Amino acid sequence: NVLEVAPNAFAVLKRSADFRVFWLGQSISLIGSHMQRVALVWHVYQLTESPLALGLVGACRLVPVLVLGLLGGVVADRFERRKILLVTTTVMMLVSTALWILTALSLIRVEMLYLCVALTSSASAFHAPARQSLTPRLVSIEHLQPALTLSLLAWDVAGILGAAIGGVVLAAATPAWVYLIDAVSYLAVIAALFSM
């Protein structure tokens, strides 16, 4: 029942300091990630004006997840999840930084955008299972359902806010600014992981 879970969802933030910092870091980073998704699609269309090119963005995002998804789960089971998250978050931050630099210097090409989407998606194939399996280790069993509810809430809200903020930034500036904001947003996750 949602009405029963809702009050406990915010109570778990008070009771578990590790979950609180991890949840806040992930929430900030997810907003940046959704901003990047909007910017990448817009950027590809700016460079190509091709609907087919937009479809290839989805393919570059989907194929690595299909190929690496099961391996990501195995890695999350066998290795320390915090270290996996540090590595994958750093990879995604470096990709966003490269996007920012290449775009700001007007060196970006559509093939580079596809490569960056594929690299980010590959890192996500390992990041997502590690992130999802870390939450049960940060909270007690009675707080697990509220913690998972908060994690889903963060994803949904970040999707809405990230798309909206990304659109505003794109209207006022260039995709380079969105990539920079996304790169900086990953620092919130890295800081949270080191503070846990």
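These numbers come from the heavy atoms of this one structure, side chains and all, not from hydrogens, waters or symmetry mates. Just so it is clear, the structure is predicted and the values come from calculations on it, not from any experiment.
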(message) How long is the straight-line distance from CG of L180 back to CE of M35, given to the nearest 0.5 Å?
(response) 9.5 Å
(request) Please test V87 against F126 for side-chain contact (heavy atoms from CB on, under 4.5 Å), starting from the C-alpha separation and ending with a verdict. (result) CA-CA 10 Å; V87 170; F126 294 91; over 6 Å; no
(message) Determine whether a donor-acceptor pair (N or O, by modelled atom type, separation under 3.5 Å) exists between the side chain of Y114 and the backbone of A53.
(response) yes
(message) Are L187 and L94 connected into the same hydrophobic cluster when the rule is that any two of I, L, V, M, F, W, Y join if their side-chain heavy atoms are below 4.5 Å apart?
(response) no
(message) When you group the ILVMFWY residues by side-chain heavy-atom contacts below 4.5 Å and let the links chain together, are L47 and M112 in the same group?
(response) yes
(request) Calculate, to the nearest 0.5 Å, the distance between atoms OH and CD1 belonging to Y179 and I101 respectively. (result) 13.5 Å
(request) Grab the two heavy atoms, one from V189 and one from G25, that are nearest each other, plus how far apart they are. (result) CG2-O, 3.3 Å
(request) Please answer whether the main-chain N or O of A192 pairs with a side-chain N or O of S195 as donor and acceptor at a distance below 3.5 Å. (result) yes
(message) Would you say that T135 contacts S151 through its side chain, given a criterion of any heavy-atom pair below 4.5 Å between the two side chains?
(response) yes
(message) Before you tell me yes or no, could you show the steps for T88 and R131 under side-chain contact (heavy atoms from CB on, under 4.5 Å), namely the whole-Å CA-CA distance, both residues' side-chain angles and the distance that decides it to 0.1 Å?
(response) CA-CA 10 Å; T88 56; R131 183 189 71 237; over 6 Å; no
(message) Let me check something: do L30 and I190 share a hydrophobic cluster, defined by ILVMFWY side-chain heavy atoms less than 4.5 Å apart, either directly or through other members?
(response) no
(request) Give a yes or no answer on whether the side chain of S121 reaches the backbone of V117 with a donor-acceptor pair at less than 3.5 Å. (result) no
(request) For residues P64 and S122, report the shortest heavy-atom separation together with the two atoms involved. (result) CB-OG, 3.3 Å
(message) What's the separation between atom NE2 in H43 and atom CG in L99, rounded to the nearest 0.5 Å?
(response) 8.5 Å
(request) State yes or no: do W42 and L52 share one hydrophobic cluster built from I, L, V, M, F, W and Y residues joined by side-chain heavy-atom distances below 4.5 Å, directly or via other members? (result) no
(request) Specify the closest pair of heavy atoms between A158 and S27, including all atoms of both residues, with the distance to one decimal. (result) CB-O, 4.4 Å
(message) How close do G167 and V38 get, counting heavy atoms only, and between which atoms?
(response) N-CG1, 4.4 Å
(request) Please lay out, stage by stage, how Q46 and L170 fare under the test side-chain contact (heavy atoms from CB on, under 4.5 Å). (result) CA-CA 12 Å; Q46 271 190 321; L170 286 171; over 6 Å; no
(request) State, to 0.1 Å, how close P136 and L144 come at their nearest heavy-atom pair, and which atoms those are. (result) CA-CD1, 3.7 Å
(message) Quick test of your reading: applying side chain to side chain donor-acceptor pair (under 3.5 Å), list the pairs with at least one residue in residues 100-109, sequence neighbours left out, ordered by first then second residue.
(response) none
(message) Quick check on E49: does its CD atom have over 12 non-hydrogen neighbours (other residues, nucleotides or ligands) under 6.0 Å away?
(response) no
(request) First locate atom CG of D182, then atom CE of M93, and finally report the distance between them rounded to the nearest 0.5 Å. (result) 10.5 Å
(request) State plainly whether one hydrophobic cluster holds both F19 and F194, where clusters connect Ile, Leu, Val, Met, Phe, Trp and Tyr through side-chain heavy atoms under 4.5 angstrom apart. (result) yes
(request) Please test S96 against Q36 for side-chain contact (heavy atoms from CB on, under 4.5 Å), starting from the C-alpha separation and ending with a verdict. (result) CA-CA 8 Å; S96 290; Q36 187 211 60; 3.0 Å; yes
(message) Would you say that H34 contacts L161 through its side chain, given a criterion of any heavy-atom pair below 4.5 Å between the two side chains?
(response) no
(request) Identify, with sequence neighbours excluded, every residue that meets ring-ring contact (aromatic ring centres under 6.0 Å, His included) alongside F22. (result) none
Just distance, no hydrogens or angles: give the donor-acceptor pairs under 3.5 Å from side chains in residues 73-82, sequence neighbours left out.
residue: R81; atom: NE; partner: S133; partner atom: OG; Å: 2.7
residue: R81; atom: NH2; partner: A76; partner atom: O; Å: 3.4
residue: R82; atom: NH1; partner: L193; partner atom: O; Å: 2.8

(message) Let me confirm one number: the CG-CD1 distance from L113 to I108, rounded to the nearest 0.5 Å.
(response) 4.5 Å
(message) Tell me if the CG atom of L115 is crowded by more than 12 foreign heavy atoms within 6.0 Å.
(response) yes
(message) How long is the straight-line distance from CG of L134 back to CG of L85, given to the nearest 0.5 Å?
(response) 6.0 Å
(message) Please determine whether the number of non-hydrogen atoms from other residues, nucleotides or ligands lying under 6.0 Å from atom CD1 of I141 exceeds 12.
(response) no
